[in-house]
Amino acid sequence: MADKAQLQEAIKTQGEVVRKLKSEKASKEQIDEEVAKLLQLKAQLGGDEGKHVFVLKTAKGTRDYNPKQMAIREKVFNIIISCFKRHGAETIDTPVFELKETLTGKYGEDSKLIYDLKDQGGELLSLRYDLTVPFARYLAMNKITNIKRYHIAKVYRRDNPAMTRGRYREFYQCDFDIAGQYDAMIPDAECLKIVYEILNELDLGDFHIKVNDRRILDGMFAVCGVPGEKFRTICSTVDKLDKMAWEDVKKEMVNEKAPAEQNGADEAGVSVGSVAGGGRYDGLVGMFDPKGRKVPCVGVSIGIERIFSIMEQKAETSSEKVRTTETQVLVASAQKNLLEERLKLTSELWNAGIKVEVLYKKNPKLLSQLQHCEETGIPLVAILGEQELKDGVVKLRNVASREEVRLIVSQIVYNLSCILTKHFD
Amino acid sequence: MADKAQLQEAIKTQGEVVRKLKSEKASKEQVKVAKLLQLKAQLGGDEGKHVFVLKTAKGTRDYNPKQMAIREKVFNIIISCFKRHGAETIDTPVFELKETLTGKYGEDSKLIYDLKDQGGELLSLRYDLTVPFARYLAMNKITNIKRYHIAKVYRRDNPAMTRGRYREFYQCDFDIAGQYDAMIPDAECLKIVYEILNELDLGDFHIKVNDRRILDGMFAVCGVPGEKFRTICSTVDKLDKMAWEDVKKEMVNEKGLSEDVADRIGEYVSMQGGQDLAERLLQDPKLSQNKQACAGLTDMKLLFSYLELFQVTDKVVFDLSLARGLDYYTGVIYEAILSQTIPAPAEQNGADEAGVSVGSVAGGGRYDGLVGMFDPKGRKVPCVGVSIGIERIFSIMEQKAETSSEKVRTTETQVLVASAQKNLLEERLKLTSELWNAGIKVEVLYKKNPKLLSQLQHCEETGIPLVAILGEQELKDGVVKLRNVASREEVDVPRADLVDEIKKRTL
């Protein structure tokens with residue numbers, strides 16, 4: 001345990017680090033990281049005084065999704081999943097961890113990037129690194145020879161995210177694969193059609209899809225005189241052409257091949273700048289099947305984290321606010337002692353399937369109720385009042401335009417539904 | 001590494017175990033078969049090829065397409081309900097700093113999955129969604145939020161004893177955080193549980209409510225020593241599956257209460273009712289002297305008046321025997337129980353995945369002190385919430401699907417584009433693409449010249465309702481034969497009207 005004086009000195013120094021970063025307007029991630037270190041030091045000091053103090057931070061390389069990010073995420077998933085469903089795909093889910101041997105058998109060199117679970121006396125487990133190995137394991141385990149499936153889930157890699165902005169250790173992958181023996185190139189073409197449809201619907205601007213074939217590449221290397229054992233390494237050098245000039249790529253090919261430093265591949269295994277990637281992989285499932293039975297596969301991985309960031313940026317610069325709820329009406333009152341009436345009407349509307357909120361206050365001010373609507377984007381407010389109740393009506397106000405209509409209470413569900421369908425669907 | 005001969009002996013023995021189980025028609029013990037494969041694999045490994053053991057980790061399982069279809073239906077109903085009530089949603093990482101989790105779960109630490117120390121921070125898989133929520137609120141200094149969170153959590157339980165007890169399972173939490181006028185958010189939580197259970201159509205149910213303050217006040221006036229409150233509370237909690245006599249025995253023999261005290265408790269915990277019971281107890285000579293109990297009872301009256309306005313009192317019961325296990329409840333507590341319950345397996349700790357006792361499908365309550373534990377300045381954020389026992393609901397729905405005559409579809413395809421004749425792949429692909437572009441859900445077989453029969457069989461197997469059949473003559477006439485797979489009725493539809501015709505028939 002550090003000496004109290006040493007701790008206080010460390011806290012002072014760390015405090016200066018934070019202040020400096022803030023004045024330099026450094027990136028939020030950097031500031032957050034240093035602030036967390038500061039809090040951790042302070043916590044140790046507080047710990048000496050008895051109370052258990054928690055360090056309030058997420059693990060390195062991971063992040064929470066706040067409601068706005070979740071709303072964007074939902075929109076993106078809906079577009080992508082609709083497309084998969086339009087093409088007749090089913091979906092599966094697998095556990096977040098697998099037997100360690102299931103994962104490391106495939107990823108020899110990448111093993112150091114795999115998160116292992118602590119040996120607590122049971123099986124040795126690791127967090128899944130992608131969705132492809134679990135898929136191959138699932139097919140082999142269930143002896144499945146034909147399936148068209150999508151799988152959207154988080155995967156885990158112990159990357160060093162410090163260097164690359166936005167590189168997370170926990171991130172979504174969105175895979176679509178067609179497994180089975182079929183007539184040539186038809187499923188392959190459908191995969192490309194799906195990528196095309198998704199990128200169109202996401203409205204991310206212009207895009208193009210590059211295609212090639214492993215057999216063409218290998219054939220080309222052969223006829224150019226590349227020795228067989230160098231095919232794979234030359235292949236990864238050629239891969240750098242999307243971000244290095246030919247002269248540099250050629251240099252790397254001719255001189256000693258440098259150790260792979262900047263692996264441009266980002267979360268989806270696609271190079272930075274790209275939003276989807278995939279291809280045919282006929283040998284994988286056979287590796288898992290005890291009898292080596294082959295199940296040819298072709299598929300694509302959508303770079304969904306990249307798409308999230310693009311959509312988040314668009315939302316920030318857009319004038320349109322992203323709503324985090326879908327509430328259609330707030331039930332409000334201008335006068336006191338109308339909580340009962342508000343709760344009754346709210347319940348009636350919920351029972352009719354209308355999305356309604358009501359403030360948890362016995363006597364809220366009308367202004368705060370209207371403010372809540374404006375802040376959260378609720379389009380309509382149903383205002384109860386003594387006189388209106390006597391007359392058997394409710395005032396329905398359009399929050400944006402402030403136009404009001406009087407609706408008959410006994411027909412409120414019907415009238416409100418009509419208005420919602422007509423103007424707000 | 002085991003001797004090859006020893007391995008072969010072990011394989012022979014294990015093979016016999018597997019054969020015996022199969023002849024006894026034992027439950028599908030994949031573990032046993034996998035053990036056999038594992039042994040064989042070790043043998044295979046000696047011969048060079050890397051052989052994978054094909055199994056999921058203990059206590060975890062894959063979801064196949066049928067289960068996913070059921071899961072999606074359940075989630076849609078539940079999430080619609082949350083949205084109808086104006087809730088937002090958040091997501092948190094699957095692992096947290098180990099200290100974040102263990103600071104809260106002192107004794108349960110042994111059930112937490114730790115990540116291996118690989119030189120960085122010490123991490124553990126989240127054990128529930130409540131601690132991440134409290135961490136999220138404190139970290140972002142949030143004082144008011146109404147949020148739902150549906151995600152998997154991890155507990156290193158021993159699943160062997162309890163059928164269907166997983167180590168990785170879904171939790172579905174809804175919570176309202178913030179300082180508000182008493183009991184209104186609490187009532188909304190109950191309204192939400194009521195709506196969800198109705199819509200899921202799981203049969204009859206009822207929701208028990210009680211209050212920590214009423215329980216503690218009751219223990220006090222019955223003469224339970226203060227330091228025994230929590231332990232007596234967990235004994236009372238067993239009343240949902242043990243008879244009073246056995247519960248009383250435990251109180252007296254194991255927990256050291258006198259019989260008198262136990263009997264006094266017995267009188268109270270047998271009481272059930274509605275707002276009227278709360279009224280009566282406020283007049284009770286002993287309870288009315290206890291401040292805590294009075295506060296709880298007054299709030300219980302208020303709660304019931306709101307539940308009346310929400311029209312849910314027909315299924316809500318104020319039950320003094322409800323004593324939910326978790327320490328952090330500070331006010332109202334509730335539990336929803338289905339009337340048609342699967343008989344509970346005989347075991348001690350009735351609490352299942354959702355922290356609710358077996359037989360129940362939802363549980364929750366008010367917990368005002370939790371966020372303050374996480375906030376560095378100890379700022380309090382009162383919370384009330386509910387956890388839906390979603391794994392339980394999945395099993396019930398899966399069983400219903402198995403016994404039902406209606407097949408569960410795993411795709412939503414509306415039409416298969418087919419052809420009876422050869423050399424029409426091009427035409428099939430063209431039409432398929434047209435239909436996709438119009439937003440129709442279409443499949444086409446990946447065969448140049450498939451037989452019509454296999455195309456129809458595919459429709460029948462997967463539940464595709466319509467098939468659009470192309471033929472030489474029809475192409476010349478500019479029409480497509482649209483057939484209803486079930487009824488076999490066919491009609492020739494002009495190509496231009498095909499999209500509308502399909503939409504009409506597959507509403």
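Residue numbers start from 1 in every chain, and the chains themselves are labelled A, B, ... in the order their sequence lines are given, proteins ahead of strands.
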| Region of B:Ala182 that comes under 4.5 Å of a non-hydrogen atom in chain A | neither
| message | I'd like to know which of B:Lys191, B:Lys116, B:Met183 tops the heavy-atom pair count under 4.5 Å against chain A. | response | B:Lys116
| field | Engaged part of A:Phe84 at the chain B interface, taking heavy atoms whose separation is under 4.5 Å | value | neither
| message | Under a 4.5 Å cutoff for heavy-atom pairs, which residue among B:Gln311, B:Glu96, B:Gln67 has the most contacts with chain A? | response | B:Gln311
| Atom pair CZ (B:Arg167) and CZ (A:Phe97), whose distance is rounded to the nearest 0.5 Å | 7.5 Å
| note | Of B:Glu412, B:Lys66, B:Arg135, the largest count of non-hydrogen pairs under 4.5 angstrom with chain A goes to B:Arg135
| said: Looking at every non-hydrogen atom in both residues, tell me the closest pair between A:Pro67 and B:Tyr136 and how far apart they are. | reply: CD-OH, 3.5 Å
| message | So for B:Leu429, is it side chain, backbone, both, or neither that comes closer than 4.5 Å to the heavy atoms of chain A? | response | side chain
| task | Please report the shortest heavy-atom distance between A:Ala59 and B:Leu97, naming the atom on each side. | result | CA-CD2, 4.2 Å
| task | Find out whether B:Leu54 and A:Pro290 are in side-chain contact, i.e. whether some heavy atom of one side chain is under 4.5 Å from a heavy atom of the other. | result | yes
| field | Max heavy-atom pair count under 4.5 Å with chain B, selected residue of A:Val356, A:Leu359, A:Asn66 | value | A:Val356
| remark: Heavy atoms of A:Glu170 and B:Pro93 approach each other most closely as OE1-CA, 3.3 Å
| Using non-hydrogen atoms only, which part of A:Arg63 is less than 4.5 Å away from chain B: side chain, backbone, both, or neither? | backbone
| Which of A:Glu74, A:Glu341, A:Glu340, A:Lys344 touches chain B most, by non-hydrogen pairs under 4.5 Å | A:Glu340
| query | Where does B:Glu188 contact chain A at under 4.5 Å (heavy atoms): side chain, backbone, both or neither? | reply | side chain
| query | Do B:Glu121 and A:Lys57 pass the side chain to side chain contact (heavy atoms under 4.5 Å, CB included) test, and can you show the C-alpha distance, the side-chain angles, and the key distance before you say yes or no? | reply | CA-CA 11 Å; B:Glu121 301 160 317; A:Lys57 88 188 263 291; 2.6 Å; yes
| request: Walk me through it: do A:Thr58 and B:Met139 pass the test side chain to side chain contact (heavy atoms under 4.5 Å, CB included)? | output: CA-CA 9 Å; A:Thr58 51; B:Met139 191 169 137; 4.2 Å; yes
| task | May I ask you to name which of A:Ile147, A:Leu339, A:Val358 has the most heavy-atom pairs under 4.5 Å with chain B? | result | A:Leu339
| request: Name all residues meeting the side-chain hydrogen bond (donor to acceptor under 3.5 Å, both in side chains) criterion together with A:Asn146; count only those two or more places apart in sequence or in a different chain, and write none if there are none. | output: A:Tyr182
| query | Is it the side chain or the backbone of A:Leu330 that comes within 4.5 Å of chain B heavy atoms, both, or neither? | reply | neither
| Looking at B:Lys448, B:Glu443, B:Lys152, B:Lys83, which one has more heavy-atom pairs under 4.5 Å with chain A than the rest? | B:Lys83
| field | Partner chain B: residue of A:Asp116, A:Thr94, A:Thr325 with the largest heavy-atom pair count (under 4.5 Å) | value | A:Asp116
| query | Which heavy-atom pair separates A:Asn351 from B:Glu195 by the least distance, and what is that distance? | reply | OD1-OE2, 4.4 Å
| Atom group of A:Ile178 that falls short of 4.5 Å from chain B, counting heavy atoms | side chain
| note | Contacts of B:Asp181 meeting salt bridge (charged side-chain N to carboxylate O under 4.0 Å, His left out) (sequence neighbours excluded), chain-then-number -> none
| remark: One option among A:Leu127, A:Thr324, A:Thr346, A:Leu349 has the most heavy-atom pairs under 4.5 Å with chain B, and it is A:Thr324
| task | Return yes when atom OH of A:Tyr196 has more than 12 non-hydrogen atoms of other residues, nucleotides or ligands closer than 6.0 Å, and no otherwise. | result | no
| note | In terms of heavy-atom pairs under 4.5 Å with chain B, the winner among A:Asp93, A:Thr327, A:Ile186 is A:Asp93
| Where the side chain of B:Arg156 meets the backbone of A:Gln120, is there a donor-acceptor pair that is under 3.5 Å apart? | yes
